[in-house]
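This report concerns only the one structure given below.
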Number of protein chains: 2
Amino acid sequence: MQSEPAPREGTLARPTLADVAARAGVSASTASLAFSGSGPVSDATKERVLAAAAELGYAGPDPRARSLRRGRSGIVGVVLEERVRAAFLDPVKIQMLDGITEGIAPLGAGLLLLTDTGEAGGNAVGIESAPVDAVVLVGCSPRLGDAVEVLRRRGIPAVAIEGAAGEGVPQISIDNREATRRGAEYLRELGHTDVALVTLPFDADRTRGPLTPELIAASTADTASERLAGARLVFPDANGRAAAASSIEEGREAGLALLADPATRPSAIIAQSDLLAAGVINAAEELGIAVPAELSVLGFDGIRVDGLQHDLTTLAQPSVAKGRAAGEAVVQLLAGEPGESVCFTSTLHVGDTTAPHPARAAR
Amino acid sequence: MQSEPAPREGTLARPTLADVAARAGVSASTASLAFSGSGPVSDATKERVLAAAAELGYAGPDPRARSLRRGRSGIVGVVLEERVRAAFLDPVKIQMLDGITEGIAPLGAGLLLLTDTGEAGGNAVGIESAPVDAVVLVGCSPRLGDAVEVLRRRGIPAVAIEGAAGEGVPQISIDNREATRRGAEYLRELGHTDVALVTLPFDADRTRGPLTPELIAASTADTASERLAGARLVFPDANGRAAAASSIEEGREAGLALLADPATRPSAIIAQSDLLAAGVINAAEELGIAVPAELSVLGFDGIRVDGLQHDLTTLAQPSVAKGRAAGEAVVQLLAGEPGESVCFTSTLHVGDTTAPHPARAAR
DNA sequence: ATTCTAGGCCGAATCGATTCGAGGGGGCCG
DNA sequence: CGGCCCCCTCGAATCGATTCGGCCTAGAAT
């Protein structure tokens with residue numbers, strides 16, 4: 001008769017490392033060593049521990065306890081600026097995720113998808129309470145500043161893709177301003193002078209509407225601002241509309257607004273993403289405006305847009321490489337090194353959505 | 001002079017809840033109550049704790065410690081059968097992820113991407129050591145059985161999308177066999193008798209090659225087997241090739257192998273995914289075979305394939321709904337209820353990649 | 001004025017594993 | 001044959017927060 005209330009076999013409670021150790025006749029510390037592999041444990045002992053574990057149906061150390069003790073969870077967070085489902089619909093985001101996965105592969109870490117859509121209510125896992133070892137901030141999020149501050153306080157290293165994030169946060173970016181300038185230049189060479197813009201959102205509210213100086217001045221989104229600045233280097237007076245997101249539908253709405261009135265209709269539109277550009281083209285088609293004969297459209301990203309019948313003229317950016325660079329920076333940060341910032345270069349891809357200015361071509 | 005080696009302000013060590021409690025002049029337990037909100041704490045005390053936290057730059061309870069104590073991490077794992085990057089390229093997977101996100105939204109949980117590609121070496125976070133509360137097994141993974149066994153031992157509830165996973169594991173599926181049968185029937189009505197198949201992988205090795213009886217007998221992938229069975233209900237002797245993955249490139253390779261020899265060329269090919277179908281069409285075009293005039297191609301999934309100029313005839317499945325149902329089942333399981341299994345129905349979408357059998361049409 | 005009640009707060013145990021320093025035993029070398 | 005060293009194992013502290021039962025005090029009821 002044993003005084004100890006021995007847990008019945010097959011009880012609901014899951015066995016712990018201590019149970020396994022007891023069964024194998026060793027101490028908990030030895031059992032731990034046997035599992036983690038590191039440390040001097042005789043083969044005989046290790047085998048005995050493993051056998052005991054098998055008998056008890058022990059599935060290995062609890063990751064929660066392990067991560068508490070070790071201080072690392074083996075998880076890298078990816079913060080998307082919008083609902084996860086929206087990111088899945090954006091080819092650029094997917095390519096970046098792809099690249100990130102590749103970049104952090106040496107860590108063997110899992111990828112936790114997060115959004116920074118406001119404070120997560122209740123027990124929701126948000127950026128301020130996720131068990132992650134590091135974080136990649138994806139996209140030109142207006143909330144970038146807040147996110148970085150939260151992470152800094154939590155002592156979690158971060159890498160930002162697009163958008164200056166501050167000291168100690170490696171930045172992976174592209175030549176937004178210069179690339180857009182080159183694209184705009186190309187339009188000017190084609191004879192266009194009356195150019196309108198469709199931009200990405202400027203602020204956390206994702207205000208949709210005309211490009212007012214106030215809106216631009218209050219911008220918290222570097223990407224939108226930089227691409228705008230690049231366009232205005234060539235067309236200082238270019239105006240247009242801000243979209244509430246990078247999507248075909250938003251592009252279509254903006255396009256309809258810009259093209260509806262024949263009197264004020266531009267001969268070319270610079271969209272800040274391919275999806276927006278596709279939407280603009282859709283709008284033009286709805287209005288019976290021929291692309292590129294009557295309207296030239298320039299995109300940004302260099303993705304293939306589903307369902308679009310055109311070969312979009314666009315500024316192609318190396319999305320996958322950006323993600324990979326971000327992943328590699330995470331690896332560096334976790335190794336205690338300073339993460340490396342990188343700025344990639346976009347290239348102008350000339351497709352069939354741009355053509356010489358109608359008047360000029362008619363001559 | 002105080003004997004206690006008081007941690008200097010601004011030291012590298014991050015403050016803990018105990019530090020905050022000390023500073024606020026309350027016990028750790030009270031501080032915890034103040035943060036979690038649950039429990040009787042006077043407003044004055046709560047404020048004092050929050051103020052102390054702010055002064056110390058305390059960013060909230062450590063999620064690792066919290067999850068150890070609470071026994072829940074607030075993370076739901078999604079197990080993809082292949083490299084994460086491969087899943088990102090598969091539109092069906094993305095739609096399912098989208099649906100899952102929607103389904104588990106009420107939990108406020110994060111989504112951790114995992115793969116079951118063998119044992120994760122070293123300290124990698126794999127299915128056997130991820131801090132997740134529940135798991136969704138996505139895709140017709142040949143390793144499904146192993147994965148379920150590991151999870152069962154760890155006591156982690158699971159939901160399987162495609163593939164019988166065993167007792168206690170809700171299953172979200174579609175009518176693979178019946179749908180394929182209907183598609184095959186449609187081809188027969190068009191006059192096709194000589195039909196070849198391009199299937200998804202059958203086993204964990206993702207063996208690529210001819211559809212041998214051995215391969216089929218050793219199948220561990222329900223989806224491939226069921227769709228195959230459905231096709232053979234109509235064309236009992238139909239043969240073909242197994243692809244190593246659902247991708248355009250794999251489809252192209254299989255297509256080339258099946259179509260290379262004019263003597264044995266089938267008049268129709270049933271592909272088990274749209275991506276494979278797109279690859280088959282590419283192969284046909286390379287060989288100068290006209291689709292659908294000389295070759296009919298039937299797909300499965302109902303996605304839009306990027307770059308494909310055809311409107312694929314296919315069996316459209318409700319991918320998003322499948323994901324959502326899986327997410328809802330997870331919510332049920334975590335609430336202690338039995339998760340609900342669901343079987344969705346696919347619909348035949350007739351596009352322009354199928355046509356009457358050439359000989360018959362010529363008559 | 002005394003007792004009862006209830007809201008607030010605290011102490012201590014607990015979650016499960018890891019890690020460091022110490023101790024013990026066996027083998028090898030002198 | 002004795003001493004030393006190395007390899008293996010153990011005990012105990014620790015990671016940081018949560019939670020349960022108990023205690024104390026202020027206010028209310030009689």
Side-chain angles (χ1 to χ4, degrees), chain A residues 7 12-49 52-53 56 58-74 123 125 128-131 133 153-156, chain B residues 7 12-49 52-53 56 58-74 123 125 128-131 133 153-156:
Chain A
L12 282 174
R14 215 141 291 289
T16 72
L17 185 57
D19 298 333
V20 173
R23 172 136 190 155
V26 300
S27 74
S29 39
T30 301
S32 174
L33 272 322
F35 267 97
S36 65
S38 62
V41 180
S42 71
D43 290 342
T45 307
K46 184 181 292 186
E47 246 173 71
R48 206 141 38 87
V49 172
L56 261 44
Y58 179 70
D62 184 322
R64 290 179 289 254
R66 171 199 290 249
S67 73
L68 169 59
R69 182 61 236 235
R70 297 238 257 227
R72 281 208 177 178
S73 63
N123 53 349
V125 169
E128 70 286 339
S129 68
D133 295 338
R153 275 162 58 141
R154 289 188 61 200
I156 295 177
Chain B
L12 283 174
R14 216 140 288 289
T16 73
L17 184 56
D19 299 333
V20 174
R23 172 138 193 153
V26 300
S27 74
S29 39
T30 303
S32 174
L33 273 320
F35 267 98
S36 67
S38 62
V41 181
S42 71
D43 289 342
T45 306
K46 184 180 294 187
E47 246 173 71
R48 206 142 36 86
V49 172
L56 262 43
Y58 179 70
D62 184 322
R64 291 179 287 254
R66 172 198 290 247
S67 73
L68 169 59
R69 183 64 236 237
R70 297 239 257 226
R72 280 207 179 179
S73 63
N123 53 349
V125 169
E128 70 286 340
S129 68
D133 295 338
R153 279 172 41 157
R154 290 188 60 198
I156 296 176

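So you know, we letter chains A, B, ... as the sequences are listed, proteins then strands, and number each from 1.
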Applying side-chain contact (heavy atoms from CB on, under 4.5 Å), name anything that partners [X], two or more places apart in sequence or on another chain.
X: B/A34; result: B/K46, B/V49
X: B/T16; result: B/A18, B/D19
X: A/A22; result: none
X: B/D133; result: A/R64, B/R72, B/S73, B/L334

Distance in angstrom units between [X] [atom1] and [N] [atom2], rounded:
X: A/L68; N: C/dT14; atom1: CG; atom2: C1'; result: 12 Å
X: A/K46; N: D/dT9; atom1: NZ; atom2: P; result: 10 Å
X: A/L56; N: C/dG16; atom1: CG; atom2: P; result: 14 Å
X: B/R72; N: C/dT14; atom1: CZ; atom2: P; result: 23 Å
X: B/R64; N: C/dT14; atom1: CZ; atom2: C1'; result: 19 Å

Minimum heavy-atom distance A/R154-B/A59, with the two atoms named:
CG-CB, 3.3 Å
Heavy atoms only: give me the nearest A/F35-A/A53 pair and the separation to one decimal.
CZ-CB, 3.7 Å
B/S27: which residues meet the side-chain hydrogen bond (donor to acceptor under 3.5 Å, both in side chains) condition with it, sequence neighbours left out?
B/S29, B/T30
Measure from the side chain of B/P40, starting at C-beta and using heavy atoms only, and say which of C/dG8, C/dG16, C/dC10 lies closest.
C/dG8
From the list D/dG11, C/dG16, D/dC8, which nucleotide is the closest neighbour of the side chain of A/S27?
D/dG11
So if I define the base as every atom that isn't primed, P, OP1 or OP2, how would nucleotides 17-25 of chain D read as a B/S/- string at a heavy-atom cutoff under 4.0 Å?
BBB------
Pair pattern of DNA chain D in dot-bracket, where unpaired bases get dots and | marks partners in another strand, Watson-Crick or G-U under 3.5 angstrom
||||||||||||||||||||||||||||||
Please check this pair: side chain of A/R14 against backbone of B/R153, looking for a donor-acceptor N/O pair closer than 3.5 Å.
yes
